[in-house]
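First up is the structure itself, then whatever we jot down about it.
Predicted, not measured: the structure shown is a model, and the values here were computed from it. Just so it is clear: chains get the letters A, B, ... in the order the sequence lines come, proteins before strands, and each one is counted from 1.
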Protein chains: 2
Amino acid sequence: MREDPKKRVAEQIASSLRERILGGRLPPGEALPSERELAEQFEANRSTVREALHRLEAVGLVEMRHGGATRVRDFLVSAGLHVLPWLIAPGGRVDEAWLRDLHEVRAMFLSFCAEQAARKATIDDVEKLEALAAQLADPKAKPAQLQRLDWSFFEALVATTQNRILTLITHVVHDVYVQHAPRFAAIYEKDVFDARHHAHAALAIRRRDAAAAAAAMRRYAESALRGRP
Amino acid sequence: MREDPKKRVAEQIASSLRERILGGRLPPGEALPSERELAEQFEANRSTVREALHRLEAVGLVEMRHGGATRVRDFLVSAGLHVLPWLIAPGGRVDEAWLRDLHEVRAMFLSFCAEQAARKATIDDVEKLEALAAQLADPKAKPAQLQRLDWSFFEALVATTQNRILTLITHVVHDVYVQHAPRFAAIYEKDVFDARHHAHAALAIRRRDAAAAAAAMRRYAESALRGRP
DNA sequence: GACATGTTACTGGTCGGACCAGTTCGCGGA
DNA sequence: TCCGCGAACTGGTCCGACCAGTAACATGTC
């Protein structure tokens with residue numbers, strides 16, 4: 001319950017409650033203290049507490065019922081994808097199990113995007129992907145640069161699919177990456193990162209070879225697993 | 001701006017603004033009227049308006065800055081997957097382009113889940129999937145029943161993967177399905193729906209044949225496209 | 001004793017008005 | 001012309017009151 005003067009009070013309260021819920025200290029079904037009680041505990045106004053509670057409600061972590069108590073919902077049953085950034089690192093420490101799940105989904109994503117991209121890419125799309133692949137192949141590039149370029153490649157791939165739902169999912173994944181960028185740095189070390197996969201994918205997309213593009217990206221995603229600590 | 005006494009006032013205001021944003025009448029970058037002004041327009045208290053604005057902020061539709069104006073964000077750049085239920089049917093009418101995107105993602109999802117399920121399924125999982133596939137094959141089942149069973153099969157498949165990120169994504173898709181269930185009913189008509197795909201997938205999962213399971217579910221997803229109006 | 005009922009003490013929802021705290025922008029002086 | 005200061009915005013927090021549902025307990029009836 002430390003103070004971070006940067007954050008708004010409401011966000012501090014929301015963070016505190018969110019951690020307790022995702023950390024399991026407030027189990028599903030449990031009734032939260034009343035708003036008036038929370039206001040006293042956090043030494044804040046009830047309106048401010050309400051604001052915090054509404055943030056939690058908006059992402060499906062609690063259920064507020066007029067007249068009844070505000071209860072913790074089971075986020076594995078009710079919450080949407082947007083809780084992921086908090087789930088990955090509850091209390092600042094990255095959770096290995098969630099990370100594994102993320103890498104699996106990432107592999108599915110990359111390969112599917114490559115497949116769709118091969119079907120829908122325009123010349124401009126192809127050239128952009130090839131340009132990024134070329135930059136990724138630069139032996140002088142530092143890991144941090146590679147990380148940025150790799151993300152750009154991913155974004156370009158998603159944009160090429162012209163599927164806006166994939167774009168929406170990407171935003172959430174992006175939130176995870178920016179919040180925990182150092183955690184993924186190991187993937188981009190010299191021994192692990194191999195930009196040839198990107199070049200293969202770009203080439204396959206140019207040739208409209210959906211299967212080859214998907215295979216290249218899948219190989220890349222699986223090779224990145226070796227960079228995991 | 002009609003009144004629905006069931007919904008809370010704050011939710012009415014949020015819905016109204018959400019529709020304007022997603023409908024494009026409030027373009028990205030545009031500044032919303034001040035909270036005091038909105039309170040007057042909606043004949044509500046400023047606290048209530050703030051509550052509505054916070055709901056929009058929580059899903060990435062607006063950006064509130066202390067001292068500055070609250071501005072509309074570009075949801076294709078900033079919003080997460082959770083806006084999907086509203087995007088699919090802006091103003092009550094289902095958007096065909098979004099529906100097409102959804103079907104694409106659905107196909108990816110089903111096939112990937114089947115593939116992972118084949119790798120991770122326990123005996124219990126397999127039996128549950130086979131039981132559902134058997135029920136789906138019942139020639140006397142009505143379309144509405146098939147729709148429910150098909151969803152159960154999907155959920156069981158996702159649960160079998162033991163990947164909780166897939167579960168989170170599923171929740172959002174579920175929201176879309178329950179909100180627009182009639183829209184998807186055509187998929188389950190006698191001429192279109194073919195439960196043999198489910199049986200094939202279940203069998204492949206039992207045999208731990210990931211490729212076959214993925215292929216079966218992909219065929220199913222693609223066959224369902226024929227049911228689209 | 002079992003059950004319907006009404007009272008009451010909670011819960012969250014809305015209100016209004018006040019003040020604090022940042023941003024923006026234009027007016028005025030150097 | 002340019003800089004800087006301040007007024008007039010913006011959102012953020014607080015207070016205290018009251019409205020509106022819920023749930024549980026006490027009561028009365030059969």
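Among the nucleotides dG13(C), dG11(D), dT13(D), the one closest to any side-chain atom of H66(B) is dG11(D). Here the side chain of A10(A) is nearest to one of dT14(C), dT13(D), dG11(D), namely dT13(D). Closest to the side chain of S34(A), out of dT14(C), dT10(D), dG12(C), is dG12(C).
R65(B) has no side-chain polar atom (N or O) that falls below the 4.0 Å cut-off from OP1 or OP2 of dT23(C). For dT13(D), neither phosphate oxygen OP1 nor OP2 lies less than 4.0 angstrom from any side-chain nitrogen or oxygen of N45(A). Within the 4.0 Å cut-off from OP1 or OP2 of dT14(C), not a single side-chain nitrogen or oxygen of R46(B) is found. Between S47(A) and dC14(D) there is no side-chain polar atom (N or O) within less than 4.0 angstrom of OP1 or OP2. Within the structure, a side-chain polar atom (N or O) of T48(B) is placed less than 4.0 Å from OP1 or OP2 of dC15(C).
Of all non-hydrogen atoms in L129(B) and T160(B), the two that sit nearest each other are CD1-OG1, 4.2 Å. In this structure, A52(B) and A10(B) approach most closely via the heavy-atom pair CB-O, 3.3 Å.
Between R71(B) and E30(B) there is no salt bridge, since none of the side-chain N atoms of the basic residue sits less than 4.0 Å from a carboxylate O of the acidic one.
Distance R50(A) CZ to dG12(D) C1': 16 Å, rounded to the nearest Å. Rounded to an integer number of Å, the gap from E40(A) CD to dC14(D) P is 14 Å. Going from atom NE2 of H54(B) over to atom C1' of dG12(D) covers 8 Å, rounded to whole Å. Counting to the nearest Å, the C1' atom of dT13(D) and the CZ atom of F42(A) are 16 Å from each other. Atom CD in Q12(B) sits roughly 13 Å away from atom C1' in dT14(C) (whole-Å rounding). Atoms CE (M64(B)) and C1' (dT10(D)) sit 10 Å apart, rounded to a whole Å. The interatomic distance linking E11(B) (CD) with dG12(C) (C1') rounds to 16 Å, in whole Å. Atom P of nucleotide dG13(C) and atom CG of L38(A) are separated by 13 Å, given to the nearest angstrom.
Of the inter-residue distances, the one linking L110(A) atom CG with D150(A) atom CG reads 7.5 Å to the nearest 0.5 angstrom.
Residue whose closest nucleotide on DNA chain C sits further toward the 5' end, between R36(B) and G68(B): R36(B).
For the salt bridge (charged side-chain N to carboxylate O under 4.0 Å, His left out) test, residues two or more places apart in sequence or in another chain that qualify with R46(A) are E35(A).
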